[in-house]
Student: 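Take this structure, written in structure tokens, and hold onto it; I'll ask about it next.
Below, read A as the first sequence line, B as the second, and so on, with proteins coming before strands; counting in each chain starts at 1.
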Amino acid sequence: MTRSLLAIEPLPLLFYQQPTLELAQSLLGCLLVHETAEGTASGFIVETEAYKGPFDRAAHSFNNRRTKRTEVMFGRSGHAYTHTMHTHCLLNVVSSDIDCPEGVLIRAIEPFSGKNLMKHRRRGMENEINWTNGPGKLTKALGVSMDLYGHDLTSPPLYIARGFTPSEISAGPRVGIDNSGEAKDYPWRFWVANHPFVSKFR
DNA sequence: ACGGTGATAATCT
DNA sequence: GATTATCACCGTA
């Protein structure tokens, strides 16, 4: 068998135990993998957004609002926080310490393996670009849904593995939050510079 | 650029 | 039970 260069295995818990803003950048280039009965699909993370609950008006967990939905963000880092928005499901990685509700939203990935499966799940979309260049799109392409709420990302069927190292990382204001307050201007959106699969600006 | 779509859960009354 | 809030997508202009 070929050796570790091609080995795809979950990153350890240690990886998730870094400050949210750093984790958001560390996730860029990593491989997001989902194994299902239909097959395995994966893609490189190319765009993320950090959400720092207690201080971040844009976050669901702002001011430590603790509910059934945000509960998982108060737990250990490295778990999945899935959230339904209209007909779409969004995927976040829980970060920071217990009782500190912070997370990183996965906004876009570049398809890597299981492309036929993704194409099938995204049937109707001709352009490969449109399979995964948005937070609700990539979850559909990977088959991620609410039943993964609270899943431990260091183990299958959903996990994050080492990928490539981005040559350059860009940062800027986040998207889709018209909340008042200064939070909307924080440059907490990160993406791989000049990458075609990054979701569009508005 | 614009509008229709529509799932879940918190917070009223 | 009704209202409100939420980290979008997609087809049609």
Student: Kindly indicate, with the supporting measurements, whether the criterion side-chain contact (heavy atoms from CB on, under 4.5 Å) is fulfilled by A:T154 and A:Y159.
Tutor: CA-CA 6 Å; A:T154 61; A:Y159 59 92; over 6 Å; no
Student: State, without any angle test, whether A:E49 and A:Y51 hold a side-chain donor-acceptor pair at a distance under 3.5 Å.
Tutor: yes
Student: Can you tell me the distance, in whole Å, between the CG atom of A:L138 and the C1' atom of C:dC7?
Tutor: 12 Å
Student: Going by heavy atoms in the side chains, are A:T48 and A:F190 under 4.5 Å from each other?
Tutor: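 When only atoms from C-beta onward are counted, A:F190 and A:T48 do touch, with a gap below 4.5 Å.
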Student: Looking at side-chain heavy atoms only, is the closest gap between A:I109 and A:L142 below 4.5 Å?
Tutor: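 Of all side-chain heavy-atom pairs linking A:L142 with A:I109, at least one is under 4.5 Å.
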Student: Dot-bracket for DNA chain C, 5' to 3', with Watson-Crick and G-U pairs under 3.5 Å, [ ] for crossing pairs and | for other-strand pairs: what is it?
Tutor: ||||||.|||||.
Student: Grab the CE-C1' distance between A:M73 and B:dA9 for me, whole Å please.
Tutor: 13 Å
Student: Could you check how far CG of A:D147 sits from C1' of B:dT8, rounded to whole Å?
Tutor: 15 Å
Student: Decide yes or no for A:R162 and A:I8: does some side-chain heavy atom of the first lie under 4.5 Å from some side-chain heavy atom of the second?
Tutor: no
Student: How many angstroms lie between atom CD1 of A:I129 and atom CZ of A:F197, to the nearest 0.5 angstrom?
Tutor: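 Here the interatomic distance stands at 4.0 Å.
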Student: Could you state the CZ-P distance from A:R189 to C:dA8, rounded to the nearest angstrom?
Tutor: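 Going from A:R189 (CZ) to C:dA8 (P), I get 11 Å.
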Student: At a cut-off of 3.5 Å, list every protein nitrogen or oxygen paired with a nitrogen or oxygen from nucleotides 5-7 of chain B, distance to 0.1 Å.
Tutor:
residue : atom : partner : partner atom : Å
B:dG6   : N2   : A:H86   : NE2          : 2.9
B:dA7   : O4'  : A:H86   : O            : 3.1

Student: In whole angstrom, give the distance that lies between atom CZ of A:R123 and atom P of C:dC10.
Tutor: 13 Å
Student: Within less than 4.0 Å of OP1 or OP2 of C:dC9, is there a side-chain N or O belonging to A:R107?
Tutor: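 Indeed not, no polar side-chain atom of A:R107 lies that close.
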Student: Using a 4.0 Å heavy-atom cut-off, does A:N130 contact any base of the nucleic acid, only the sugar-phosphate backbone, or nothing at all?
Tutor: nothing
Student: Return the residues of residues 15-33 of chain A meeting this criterion: a heavy atom under 4.0 Å from some atom of DNA chain C. Order them by number, or give none.
Tutor: none
Student: How close or far is atom C1' of B:dA9 from atom CE of A:M146, stated in whole angstroms?
Tutor: 10 Å
Student: Taking the side chain as every heavy atom from C-beta outward, state whether A:I160 and A:L27 have any atom pair closer than 4.5 Å.
Tutor: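 Yes, side chains in contact.
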Student: Tell me which nucleotide among C:dC9, C:dC7, C:dC10 gets nearest to the side chain of A:L90.
Tutor: C:dC7
Student: In whole Å, measure the gap between the P atoms of B:dT5 and C:dT6 for me.
Tutor: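 Per the computed distance, 22 Å lies between those P atoms.
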Student: For residues A:S42 and A:S113, is any side-chain donor paired with an opposing acceptor at under 3.5 Å?
Tutor: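 The answer is yes; a qualifying pair exists.
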Student: Polar atom pairs between nucleotides 10-13 of chain B and protein, under 3.5 Å, N or O only, would you list them?
Tutor:
residue : atom : partner : partner atom : Å
B:dA10  : OP1  : A:K68   : N            : 3.0

Student: Restricting to pairs with a member in residues 130-145 of chain A, which pass side chain to side chain donor-acceptor pair (under 3.5 Å), not counting sequence neighbours?
Tutor: A:N133-A:K137, A:S145-A:D147
Student: Would you say A:R107 and A:V46 make side-chain contact, with heavy atoms under 4.5 Å?
Tutor: no
Student: Can you check the A:W131 CH2 to C:dC9 P distance for me, whole Å?
Tutor: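 So the CH2-P distance, A:W131 to C:dC9, works out to 17 Å.
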Student: Using atom NZ of A:K140 as one end and atom C1' of C:dA8 as the other, report the distance to the nearest whole Å.
Tutor: 10 Å
Student: Tell me what A:Y149 touches on the nucleic acid: a base, only sugar-phosphate, or nothing, going by heavy atoms under 4.0 Å.
Tutor: nothing
Student: Between A:E128 and A:R122, is a salt bridge (charged side-chain N to carboxylate O under 4.0 Å, His left out) present by the stated rule, with each step listed?
Tutor: CA-CA 9 Å; A:E128 184 173 332; A:R122 299 285 295 136; over 6 Å; no
Student: Hey, is A:D97 close enough to A:R76 for a salt bridge, meaning N to O under 4.0 Å?
Tutor: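 Salt bridge between A:D97 and A:R76, a charged N being under 4.0 Å from a carboxylate O: no.
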Student: Would A:E110 and A:H195 count as a side-chain contact (heavy atoms from CB on, under 4.5 Å) here? Give the steps.
Tutor: CA-CA 9 Å; A:E110 174 191 350; A:H195 197 286; 2.9 Å; yes
Student: Considering residues at least two apart in sequence or located in another chain, which fulfil the side chain to side chain donor-acceptor pair (under 3.5 Å) criterion with A:N92?
Tutor: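 Not a single residue meets the side chain to side chain donor-acceptor pair (under 3.5 Å) criterion with A:N92.
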